[in-house]
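Working notes, structure below.
Quick note: numbers below take in every heavy atom, side chains included, and nothing from hydrogens, waters or symmetry partners. For reference, positions follow the sequence shown, starting with 1.
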Amino acid sequence: MACIYIVEDDTDIREIETIALRNSGHTVADFDSGRAFFHKVEEKVPDLALLDIMLPDMDGYEIVKKLRSNPGTKRLPVIMVTAKTTEIDMIKGLDIGADDYIKKPFSVMELITRVKAVLRRTMEQDDSKFLSLGEVFLDNERHMVYVNDQAVELTFKEYELLKLLMGNSGIVMTREMIMHRVWGTEFEGESRTVDMHIKTLRQKLGASGARIKTVRNVGYVME
């Protein structure tokens, strides 16, 4: 089973999460601060991290940004566990690189199900080192994108979105599929986050952005 690190300063919640995950067969280490978490990560990178947002030394957003900026942890699956439940909070957490978002209070069954889903998606991810479509080249090993041999700077989610579209070129991806594969969750209510990311991705790709076609009332396809 998986090695999971929990970062939570609430002793009761941390204990509930730890017991639930251990009873599911996972190896668990828990921490009450970001500093203690990163100290352990230097020794061993886990298979997944559960992060509270409100912590005594640094918030969960800072932790995710730091993880994504490090080549050794940039692919580490992260689930944010927090009492912040507005859509803007969810978008912020997911946009900076979190894989899922659990609202407090939550049930043990929900926790276990979300952890299973993220671990399954992680294991099923396409690990192709290179993807190429016309003048667009994606180097998955270096996490870089080039258009006509010129490097293009993308955010973490823009990169994951482009990788998904290139890896499924010619196949129409619905907004729901994109949300599931890139953000790993479904927002409650109306959200334009997919459309906004498509817009900025097209802009950054320049003329090559025209390869991303809108399929009206369905989703997007890259050709």
F106 and E17, any side-chain heavy atoms less than 4.5 Å apart | yes

Atom pair OG (S208) and CG (L201), whose distance is rounded to the nearest 0.5 Å | 10.5 Å

Answer yes or no: are there more than 12 heavy-atom neighbours, outside Q203 itself, under 6.0 Å from its atom CD?
-> yes

Begin with the C-alpha distance, continue with both residues' side-chain angles, and end with the deciding distance and a verdict on side-chain contact (heavy atoms from CB on, under 4.5 Å) for F130 and N140.
-> CA-CA 6 Å; F130 308 110; N140 202 33; over 6 Å; no

Would you check, one step at a time, whether the test side-chain contact (heavy atoms from CB on, under 4.5 Å) holds for L50 with E8?
-> CA-CA 8 Å; L50 287 178; E8 169 65 66; over 6 Å; no

Option among I178, T155, I212 that satisfies the side chain to side chain contact (heavy atoms under 4.5 Å, CB included) test with L161 | I178

For the residue pair K204 and V147, establish whether any side-chain heavy-atom pair is separated by less than 4.5 Å.
-> no

Output for pair (F137 CZ, L131 CG), nearest 0.5 Å, gives 8.5 Å

Interatomic distance, L154 atom CG to H197 atom NE2 [nearest 0.5 angstrom] | 10.5 Å

Dump the intermediate steps for side chain to side chain donor-acceptor pair (under 3.5 Å) on T200 and E158, then the final yes or no.
-> CA-CA 8 Å; T200 58; E158 288 168 352; 2.9 Å; yes

Greater than 12 external heavy atoms within 6.0 Å of E15's CD | no

Do D47 and P77 come close enough that some side-chain heavy atom pair is under 4.5 Å?
-> no

Would you please test R175 and T193 for side chain to side chain donor-acceptor pair (under 3.5 Å) and show each step?
-> CA-CA 10 Å; R175 288 177 175 81; T193 190; over 6 Å; no

Locate the shortest heavy-atom distance separating V64 from G97; write the atom from each residue and the value.
-> CG1-C, 3.9 Å

Is there a side-chain contact between D195 and T214 (heavy atoms, below 4.5 Å)?
-> no

Dump the intermediate steps for side-chain contact (heavy atoms from CB on, under 4.5 Å) on V152 and Y146, then the final yes or no.
-> CA-CA 6 Å; V152 177; Y146 301 88; over 6 Å; no

Is there a path of hydrophobic side-chain contacts, each under 4.5 Å between heavy atoms of I, L, V, M, F, W or Y residues, that connects F156 with L164?
-> no

What closest approach, in Å, do G34 and I63 show between heavy atoms, and which atom pair accounts for it?
-> CA-CD1, 4.0 Å

Should I19 and I13 be counted in the same cluster of Ile, Leu, Val, Met, Phe, Trp and Tyr side chains packed under 4.5 Å apart?
-> no

Is it the case that one hydrophobic cluster holds both I171 and V218, taking links as side-chain heavy atoms less than 4.5 Å apart, direct or via other members?
-> no

Should D99 and R68 count as an ion pair when the cut-off is N to O under 4.0 Å?
-> yes

Can you measure from CD1 (I4) to OG1 (T27) and round to the nearest 0.5 angstrom?
-> 8.5 Å

Can you check whether Y220 reaches V172 side chain to side chain, under 4.5 Å on heavy atoms?
-> no

Does atom NZ of K65 have more than 12 heavy-atom neighbours from other groups under 6.0 Å away?
-> no

So which heavy atom on P46 is nearest to which on C3, and how close?
-> CB-O, 3.4 Å

From R211 atom CZ to E223 atom CD, the distance as rounded to the nearest 0.5 Å | 9.5 Å

Can a cation-pi geometry be assigned to K40 and F31, taking NZ or CZ under 6.0 Å from the six-membered ring centre and within 45° of the ring axis?
-> no

Is the closest side-chain heavy-atom distance between R14 and T11 below 4.5 Å?
-> yes

Are the side chain of R114 and the backbone N or O of Y101 linked by a donor-acceptor pair below 3.5 Å?
-> yes

From the list D10, D12, D52, salt bridge (charged side-chain N to carboxylate O under 4.0 Å, His left out) partner of K104 resolves to D52

Test item: R22 side-chain N/O and V28 main-chain N/O as donor-acceptor pair under 3.5 Å | yes

Charged N to carboxylate O below 4.0 Å: is that the case for K157 and E160?
-> no

May I ask you to check whether over 12 heavy atoms, not counting those of R35, lie within 6.0 Å of atom CZ?
-> no

Verify same cluster id: V215, M166 (apolar side-chain graph, 4.5 Å) | no

Between F37 and Y5, how do the two ring planes meet: parallel, tilted or perpendicular, split at 30° and 60°?
-> perpendicular

Does N70 use its side chain to pair, donor to acceptor, with the backbone of G72 at less than 3.5 Å?
-> yes

Would you find more than 12 non-hydrogen atoms of other residues, nucleotides or ligands less than 6.0 Å from K116 atom NZ?
-> no

Is it true that K66 and E62 have a side-chain N and a carboxylate O under 4.0 angstrom from each other?
-> no

Taking the side chain as every heavy atom from C-beta outward, state whether V115 and H26 have any atom pair closer than 4.5 Å.
-> yes

What pair of heavy atoms forms the shortest contact from D57 to S33, and how long is it?
-> OD2-CB, 3.5 Å

Could you check M80 against D100 for side-chain contact (heavy atoms from CB on, under 4.5 Å), going step by step and ending with a plain yes or no?
-> CA-CA 6 Å; M80 304 194 90; D100 203 351; over 6 Å; no

So, do L162 and L138 sit near enough that their side-chain heavy atoms are less than 4.5 Å apart?
-> yes

Between the OG1 atom in T73 and the CZ atom in R75, the distance rounded to the nearest 0.5 Å is 11.5 Å

M173 with V221, same ILVMFWY side-chain cluster at under 4.5 Å = no

Between A20 and L111, the two heavy atoms sitting closest are CB-CD2, 4.3 Å

Can you name the closest pair of heavy atoms from D59 and Y61 and give their distance?
-> OD1-N, 3.0 Å

